[in-house]
Amino acid sequence: MSVRRSSVEALLTSQELDREVLVKGWVRTRRGNKYVQFIAVNDGSTINNLQVVADAEKFPEETLKDVTTGSCVSVKGRLVASQGKGQTVEVQATEIEVLGKTDPEVYPIQRRGAGQQGISLEELRKIAHLRPRTNTFGAVLRLRHTLAFGIHQYFNDRGFFYVHTPIITGSDAEGAGQMFRVTTLPDQNPPLTEDGKVDYSQDFFGKSTNLTVSGQLEGELAAMALGQIYTFGPTFRAENSNTPRHLAEFWMIEPEMAFYELEDNMDLAEDFLKYLVRYALERCPADLQFLNDTYDKELLNRLRFVIDNDFQRLTYTEAVDILKSAKQKFEFPVDWGTDLQSEHERYLVEKHFKKPVILTNYPKDIKAFYMKLDEDGRTVRAMDVLFPGIGEIIGGSQREESLEKLEQRMQEMHVPAEELWWYLDTRRFGTAPHAGFGLGFERLVLFVTGMTNIRDVIPFPRFPKNAEF
RNA sequence: GCUUCCUUAGCUCAGCCGGUUAGAGCAUCUGACUGUUAAUCAGAGGGUCCCUGGUUCGAGCCCAGGAGGGAGCGCCA
């Protein structure tokens, strides 16, 4: 009778010993002597490896020769209590088949030796197709999955509906940055209009189209019918941003809620982030422990701290006062009316309050047209959630529900109202107070994994001058 | 886009004031060892010193330009 394949995770946590098992995975290391060989096998189900023990005499020399770091093997054997000290169980192999060989002279991911640093994260970026086979990227990708799943879990449990907003958009008025053009017109000699410009009326959609920079405007449409919704999809920014916190292609979560005001929005954002951190701690303890031990000894403490403490809430105006009376000297001056610099945000989060901060009620001139004006007419009901190390993780606001005020803001900020006639219709027909925010998914993964470069928390990062793989 | 730093073996890095044939650890290969744990021990192979040009009797090292990468800043999530 044939034995079903077990995952490494299932075998390592199994209470049923002394039974026949089948396991398949990739070889991390092999060591031993001419009599006994130890093969560390990993199949991605867990960060931990399964130790396969092979009596060298029972296997042809050619077989064991091909069991090299990076090769793929299928092993049948007996799951037994380990005689060695490093693990509780191991597999005594009876059959080993090499499913895929690896030339160790060429395979770039080799184990590192004692006291060695090993391959760097920068080097691994050049081999992004193989880096999931490392402990680090296995841990990061499992955490990424877990967080994505947790997001759906959170919203589904609370009656939010998942809405798919378009990835190709016909409006370039969203104002969230440079966009990538989508076209099927030929690169050579595209059709031109009479005044010599490219004639997009002959393009696929009959107009100029781009990749989305945000699903928010469409999300608002859905919220004004379904009540509370969220989007979770890819987002594209053609900005030439060269930092460890920006990608040209990233994933964003954008909840939008009818009848929510700014306070409700903040409550949701804070509860949501705490839920996700807790979710990751509960589901991925081994991966987080590895990241904590390997990269950042404060990671687990920081995650627990976020769960256990209220976020500090204050207005932009209060923040400016704190910064102005701060003893620290800033490279850029603090002035009411100008946007805060990274150094200012970092001071508030990392030095002054030493906890996540929610800044609200920014001056209207530095925020988007759709944010609701405060009574005083100077500020808007915006909120930014600032986290240590990564800065703005969430940006959101209560939306302007008054048609007249919204139209006036659009005029002031030169947003073409005719292009957004459909957006304005929500204010024209049964408008309601509503609010929402955007969470950068990779920034969340950055925070939870303790990685320091956003290019290391997405499988295949897209950034200026880089679209390999 | 701006500022700044970096680029030497598969990887992580040394390389003196510009001076013969460019080094180490790990990895890889060969051998030894009957239970290893980032195995150990012995040996071997492995280099377009990022590219182009210049200065010099002589350049890994100095100069100029270019490419790639990191970090900081801007833009933002």
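To find a chain, count down the sequence lines: A is the first, B the second, and so on, and within it residues start at 1.
With centres under 5.5 Å and a plane angle under 30° as the test, the ring of A:Phe441 is not stacked against the base of B:A77.
Residue side chain A:Gln51 reaches the base of B:U36 through a donor-acceptor N/O pair under 3.5 Å, judged by distance alone. You won't find any donor-acceptor pair under 3.5 Å spanning the side chain of A:Glu90 and the base of B:U37, going by distance alone. For A:Ser241 against B:C75, a side-chain-to-base donor-acceptor contact under 3.5 Å is present. For A:Arg111 against B:A27, no side-chain N or O and base N or O form a donor-acceptor pair under 3.5 Å.
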Nucleotide-level pairing of RNA chain B, given in dot-bracket where Watson-Crick and G-U pairs need both distances under 3.5 Å and | marks other strands: (((((((..((((.....[...)))).(((((.......))))).....(((((..]....))))))))))))....
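Among residues two or more places apart in sequence or in another chain, the ring-ring contact (aromatic ring centres under 6.0 Å, His included) test is passed with A:Tyr275 by A:Tyr154, A:Tyr279. A:Arg111 is linked by a salt bridge (Lys or Arg N to Asp or Glu O under 4.0 Å) to nothing, counting only residues two or more places apart in sequence or in another chain. Partners of A:Glu270 by salt bridge (Lys or Arg N to Asp or Glu O under 4.0 Å), not counting sequence neighbours, listed by chain and number: A:Lys274, A:Arg313.
Of the P atoms belonging to B:A24 and B:A44, the separation is 11 Å, rounded to the nearest Å. Straight-line distance between the C1' atoms of B:C13 and B:G54: roughly 30 Å, to the nearest whole Å. Using atom C1' as the reference point in both B:G15 and B:G47, the two lie 14 Å apart (nearest Å).
Rounding to whole angstrom units, CG of residue A:Leu121 and C1' of B:U12 are separated by 13 Å. When rounded to the nearest whole Å, the span between CG of A:Leu340 and P of B:C75 equals 11 Å.
A:Phe232 is listed as a side-chain neighbour of A:His152, based on a closest heavy-atom distance under 4.5 Å.
Where A:Val36 and A:Arg125 each meet RNA chain B at their nearest nucleotide, the meeting point lying more 5' is that of A:Val36.
Partner of A:Phe311 under the ring-ring contact (aromatic ring centres under 6.0 Å, His included) criterion, chosen from A:Phe353, A:Phe272, A:Phe387: A:Phe387.
Within the nucleic acid shown, A:Arg28 has no heavy atom closer than 4.0 Å to any nucleic acid atom. Nucleic acid contact for A:Gly84: base, since at least one base atom lies under 4.0 Å from a heavy atom of the residue. Across all strands, A:Leu247 comes closer than 4.0 Å to base atoms (heavy-atom distances).
A:His352 and A:Tyr347 have tilted rings, their planes meeting at an angle from 30° to 60° on a 0 to 90° scale.
Pairs of residues two or more places apart, or lying in two chains, never qualify as ring pair (Phe, Tyr, Trp, His ring centres under 6.0 Å) while including a residue from residues 20-48 of chain A.
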Mark up nucleotides 5-11 of chain B, 5' to 3', with B wherever a protein heavy atom is under 4.0 angstrom from a base atom, S wherever such an atom reaches only the sugar-phosphate, and - elsewhere. ------S
